[in-house]
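First up is the structure itself, then whatever we jot down about it.
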Protein chains: 2
Amino acid sequence: MSTRKNITATADELFYHNGFDVTSFADIAKQVGISRGNFYHHFKTKDDILEAVIDLRLAKTRDMLRLWAEGAETPLDRISCFIHILIRNRREIAKYGCPVGTLVSELGKLDHVSKSHAATLFTLFVDWLVTQFSDLGCEPQDARHHARHLLALSQGVSSVAQALQDDVFVDDEVNMMLDYVAEIARTNSLKRKS
Amino acid sequence: MSTRKNITATADELFYHNGFDVTSFADIAKQVGISRGNFYHHFKTKDDILEAVIDLRLAKTRDMLRLWAEGAETPLDRISCFIHILIRNRREIAKYGCPVGTLVSELGKLDHVSKSHAATLFTLFVDWLVTQFSDLGCEPQDARHHARHLLALSQGVSSVAQALQDDVFVDDEVNMMLDYVAEIARTNSLKRKS
DNA sequence: GTGAATTTAGGTCGAATGTCCTAATTTTGT
DNA sequence: ACAAAATTAGGACATTCGACCTAAATTCAC
């Protein structure tokens, strides 16, 4: 892997685990195994690293969403993929929260220029979910509503899970989210028949 | 107001607006209007200030919950008070997120000793909501489930609202939460009749 | 009123930060 | 093979941080 990508991937992990502001050049350099001075050749400022990290996350998210769209047959299965990240990443979430939500929150408090850039990560999920709910037969405004609701729920579950450290809670909420989507699919199919 | 309380209140605000780690002694001193050196007499370390801030928030939260319990006639009205903080504090939430969730998240990433102390802020809300749902006629495990679900939703709405900056979204979610509670109250009253 | 206790201001300290520079080292193009 | 370019290491820099100290100012007790 190129050094630049190596730096970006390491910064991505450290920003997630420890926070953007707390993570120093020295921390990243130590983990990558290069000298601090080497940074300036790849990234002029720390903000440049942040931009690269956000771009990396955008790319990884797009890949993940595409994989879900291709891998699952029905919109319902695809939405289930989204919901199940809460279980698949439960260990990391319990420790560090949601990588998107915590970054947006921190950048918001720092009033950082990249906060809107980070927020586009959210819209990536919203847009994808809107597509799925539309494919499920929802009207545009309903699809948007359901998509945002699901995103908010996943954020909230991450946040509370980090505080309470309770696996059962996550399972319960995931089941509720699955029921929520199944109910929408059911009513939509009824509507279609009438 | 005493200097100590003045420091604590100012630190409370700055920790919320800018984050704990980012906020420096100098920042607090400047806003309070005292010299930096004066701190050491009131708080030995920055962590001591954090402890005092968490205690302050615990006290303020307890007062607020007591006020809601006394001010509202029915459990349903009391739960509505909780839900409506999302609207009452919408400006601050859109800027800085939820004061509890963002603090727990930051302390979790810092692996700070006070993270569990901060997490008790969450349990304060959970316990209070459990009481309300129990008064509404819910079984203990149901009450706990509903309480945590509502808390997670409020957290998620705060998080997504900060990213999307959309007032309509908050209104929609608040209405959904109110419907959720109303539905529980309705089914409970039906159960009671049978 | 006066001595003791509390509170305050201002400065110092080492450590750590982001940024930047320079000189080696390695890689690349021909 | 060799010059040019890219990459790397290590250190210098001004600044800021939490922590700590001392002395002046203020408040309090009697």
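Protein chains get the first letters and strands the later ones, always in sequence-line order, with residue 1 at the start of each.
Against DNA chain C, the stretch residues 17-25 of chain A makes heavy-atom approaches under 4.0 Å through A:Thr23, A:Ser24, A:Phe25.
To the nearest angstrom, P of C:dT6 lies 15 Å from CZ of B:Arg4. In this entry the distance linking CZ of B:Phe39 with P of C:dT12 reads 20 Å, nearest Å. The interatomic distance linking A:Lys30 (NZ) with C:dT17 (P) rounds to 11 Å, in whole Å. Atom CD1 in B:Ile34 sits roughly 18 Å away from atom P in C:dT6 (whole-Å rounding).
Residue pairs meeting the salt bridge (Lys or Arg N to Asp or Glu O under 4.0 Å) criterion with at least one partner in residues 16-34 of chain A, sequence neighbours excluded, do not occur; the list is empty. Residue pairs meeting the ring pair (Phe, Tyr, Trp, His ring centres under 6.0 Å) criterion with at least one member in residues 116-142 of chain B, sequence neighbours excluded, are B:Trp68-B:Trp128, B:Phe82-B:Phe125, B:Phe133-B:His146. Identified under the salt bridge (Lys or Arg N to Asp or Glu O under 4.0 Å) test for residues 140-159 of chain B, with sequence neighbours left out: A:Asp166-B:Arg148. Sorted by first and then second residue, the salt bridge (Lys or Arg N to Asp or Glu O under 4.0 Å) pairs involving residues 49-67 of chain B (not counting sequence neighbours) are B:Asp12-B:Arg57, B:Asp12-B:Lys60, B:Asp63-B:Arg66. Identified under the salt bridge (Lys or Arg N to Asp or Glu O under 4.0 Å) test for residues 74-83 of chain B, with sequence neighbours left out: none.
An OP1 or OP2 oxygen of C:dT7 is reached within less than 4.0 angstrom by a side-chain nitrogen or oxygen of B:His41. Residue A:His42 places at least one side-chain N or O under 4.0 Å from the OP1 or OP2 atom of D:dT8. Contact between the side-chain N/O atoms of B:Thr3 and the OP1/OP2 oxygens of C:dT8 is found at a separation under 4.0 Å.
A:Gln141 is linked by a side chain to side chain contact (heavy atoms under 4.5 Å, CB included) to A:Glu139, counting only residues two or more places apart in sequence or in another chain. By the side chain to side chain donor-acceptor pair (under 3.5 Å) test, B:Asp111 pairs with B:Lys115, sequence neighbours left out. For B:His145, there are no side chain to side chain donor-acceptor pair (under 3.5 Å) partners, not counting sequence neighbours. With sequence neighbours excluded, the residues that form a side chain to side chain donor-acceptor pair (under 3.5 Å) with A:Ser159 are B:Gln155.
More than 12 heavy atoms of other residues, nucleotides or ligands lie within 6.0 Å of CZ in B:Arg90, so this atom counts as buried by the packing criterion.
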Using nucleotides 24-28 of chain D, report all nitrogen or oxygen pairs with the protein that are shorter than 3.5 Å.
none

Polar-atom pairs under 3.5 Å, protein N or O versus N or O of nucleotides 20-24 of chain C: list them with distances, or write none.
unit_1 : atom_1 : unit_2  : atom_2 : d
C:dC20 : OP2    : A:Tyr40 : OH     : 3.1

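Cation-pi geometry between A:Lys46 and A:Phe20 is satisfied (NZ or CZ under 6.0 Å from the ring centre, within 45° of the ring normal).
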